[in-house]
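Both ligands and their constituent atoms are indexed starting at 1 by order of listing. Basis for what follows: all heavy atoms, side chains included, without hydrogens, waters or symmetry-related copies.
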Amino acid sequence: MTDSSTRTQATIVRRRIAVKGIVQGVGFRPTVYRLAHVHGLAGWVLNDSAGVKIEVEGDAKEIDGFIEDLKTNPPPLSQITGLSAEDIPVQGEDEFVIKPSDDTERRSGLISPDVATCEDCRREMFNRRDRRYRYPFINCTNCGPRYTIIRTIPYDRPKTTMAHFEMCSRCSREYHDPANRRFHAQPNACPDCGPSLTLLNASGGLVRTKDPVGEAALLLHSGKVVAVKGIGGFHLAADAANEGAVRRLRERKRREEKPFAVMSRSPDKIREYAVISDEEEELLSSWQRPIVLLRKTKRHAIAPSVAPRSKFFGVMLPYSPVHHLLLAEDVLALVMTSGNPADEPITADNTEALKRLEGIADAFLVHDRDICVRTDDSVARVQRGTRLLMRRARGYVPAPIALKDGGPIVLGVGAELRNTVCIARGDEAFLSQHIGDVKKFHTLRYLEKIVEHMKKILEVEPEAIAHDLHPDYFSTRYARERAGVKLIGIQHHHAHIASCLAEHRLDKDVIGLSFDGLGYGTDGRIWGGEFLVADTANFRRIGHFKYVRMPGGDVAVEKPPRMALSLLLDAFDGDLKAAGIPMLDQFKKTDLKLLVTILQGGINTPKTSSLGRLFDAVSAMLGVCNEASYEGQPAIELEGIADEVCTESYDFMISPNGSALQVDMAPAIRQIVRDIRDGVDRAAIAGRFHNTIVNVSLEMCLRIREKYSLDTVAFSGGVFQNLLLAERLASELTRSGFEVLQHHHVPPNDGGLSLGQAVIARTRM
Ligand code: ZN
Ligand code: ZN
Ligand code: FE
């Protein structure tokens, strides 16, 4: 009786639902299937090129409940950006099914980034009775590789590098059972049917063993360097507590001082050598598993060569099953550095690894699941509420950045250092993974490959390419070599500010502080300490740091004492005696004479307004860093020693220079020289210098607000990786009534530039 009465009361309808966002490869269809059963609905679900399509038929109220549940309780890794529903004619179905993917439509479904091994899988992997006990490729709908194994979309096993592994009957049963955690988990595998590990010796010969990962762990324990194939490429691993092993790795990799990242099995292990705040622990443990920069503890057992002269360790938690297996209970930490010779892209292919890492690795732990797109580890920093991505790659790519508006399809190709590319499509921007320094043919090829892959998975052909104004960058040449595409040159520092605006979904005029290393200016000079008024279309240069000479051009980046010399000569009107500080003694007499001559004669000494170079100079003056083995090292080390409670500062001058305001730091340089001679602690000097930059910036912002009535300030450029500066300045500005925009999801360094380029180009089009 109840049955017939409900049947008469119920209004049977059929509804078609389209879901957009990260909805493929994240267990979305199984969730839909389960919810359809809970609400007693018939119909089907499928992945199509626009996302997920659903048709449900049943009681109208139940359908409402179904949609509500889907919205409020989507699978953990999914991200719904749009959901629309329309009524369609009832078909009288009585079953709910998952249909095969439809790949005829436009392929705009979003691909999930790679996801760290989930807790369920980890537990199974260490359960002796589980059929995947110690299986290094365990994964499920909630975890595992995604972006790095996808050749094309829609995301289905035949379109991934898992295609040639045929599932055994047990895996297949899981894969087809909607109630199973591995239902439609595309990389699903087990020891019987999936990929496997192999250990090779230094010359690529097979090491016969039943337990390659156990054998590799033993090698690491005995101080060997092992190349480990992971999710996005090869790591070079070594015992982080073994100074001999780490030093060997450093020598072989020819990487003098840049800190190595390390990996430990748990936050508790990390606490044995680094300090972790709650926020840092949350970031470390997030499924993206970035490398997080953590302050070293006073005493620790990590080898000195891991991160010489740095206050920080770059630390990550295991994110692939292999990592969990390598990190036994008694291992404090492993060095896990990108498997590539210095300045080259990470290695991803087995044969390529044997060739490129020959002489570096003592053994190779490889597997037979191909990496389709290589992706480095991401790097992040947290400090009192500010979360910053310094390198955006694995775990974050290819999740889109939501833009304020739609527009034409544009490719931004970035600049040169720490490069990325970006494709803007509709109201989303797809920033590529970190490509690296595009200074060599090698890296240019990598850039080309990434652009082609992104075009394929996004199914777009850009109408325009936005590039840097520097005529000699490989990225600019790449743009020029594309035929039939509109080219739009974008000024470097404007692109920085636009990337910050894009991240905040704004396009209004703001005061832009664009502080970085080097970028090509519209006057043909090298900019880098810029005060702009900018929106996402245009900019005006309102002020800048005074131009100083870079003796020898780019060489001065590697040799910060040269920048110091340049600033000293400028501050003391060429009187080196008056500028006498111990730092000058390190120059050979003849070299010093030559440098002074070329500086005074203006020979091969381009002028720059770069704030990054000013930090380099002060770092060298204090003897903190005399040789930069990577760009930004002197500034990072200067921040590292700075007294954070210091309140004093130095003097500076702001005066008009043509149409722009010019900040002259000569008074500060003279006071620093005085302090050095007076034997003031260099931590205090570094603190005062940071405060001076805060004061300069605040003063400039006040003047600009006065004249242009703008009270929003955007921070961008590599200098803002300096959180001591960023935080101080942000709080001063806020106190003076400014609204401050900082980067959170996009790197402030040139890794975010391609986003700014693409956004400006679109606005101009
Ligand atoms: Zn899992
Ligand atoms: Zn199997
Ligand atoms: Fe830059």
- Query: Taking it one step at a time, do Arg132 and Glu174 satisfy salt bridge (charged side-chain N to carboxylate O under 4.0 Å, His left out)?
  - Reply: CA-CA 13 Å; Arg132 291 187 179 87; Glu174 294 166 337; 2.7 Å; yes
- Is the shortest side-chain N to carboxylate O distance from Glu639 to Arg381 below 4.0 Å? yes
- Message: For Tyr319, does the six-membered ring have the charged nitrogen or CZ of Arg394 within the cation-pi criterion, i.e. under 6.0 angstrom from the centroid and within 45° of the normal?
- Response: yes
- Item | Closest approach to the Fe ion (ligand 3) by Asp516, given as the N, O or S atom name | OD2
- Message: So, with waters excluded, how many protein N/O/S atoms does the Zn ion (ligand 2) have closer than 2.8 Å?
- Response: 4
- Query: Taking both backbone and side chain into account, is any N, O or S atom of His492 nearer than 2.8 Å to the Fe ion (ligand 3)?
  - Reply: yes
- Message: Can you tell me which residue among Arg181, Arg134, Arg129 is in a salt bridge (charged side-chain N to carboxylate O under 4.0 Å, His left out) with Glu124?
- Response: Arg181
- Tell me which N, O or S atom of Asp750 sits nearest to the Fe ion (ligand 3). OD1
- What class does the angle between the rings of Phe545 and Phe515 fall in, given that below 30° is parallel, 30 to 60° is tilted and above 60° is perpendicular? perpendicular
- Message: Can you check the angle at the Zn ion (ligand 1) formed by SG of Cys121 and SG of Cys143? Round it to the nearest 10°.
- Response: 100°
- Check: His743/Glu503 side-chain N/O donor and acceptor closer than 3.5 Å: yes
- Query: Taking only residues two or more places apart in sequence, or in another chain, which ones meet Tyr446 in a ring pair (Phe, Tyr, Trp, His ring centres under 6.0 Å)?
  - Reply: none
- Message: Let me confirm one number: the OG-NE2 distance from Ser610 to His493, rounded to the nearest 0.5 Å.
- Response: 7.5 Å
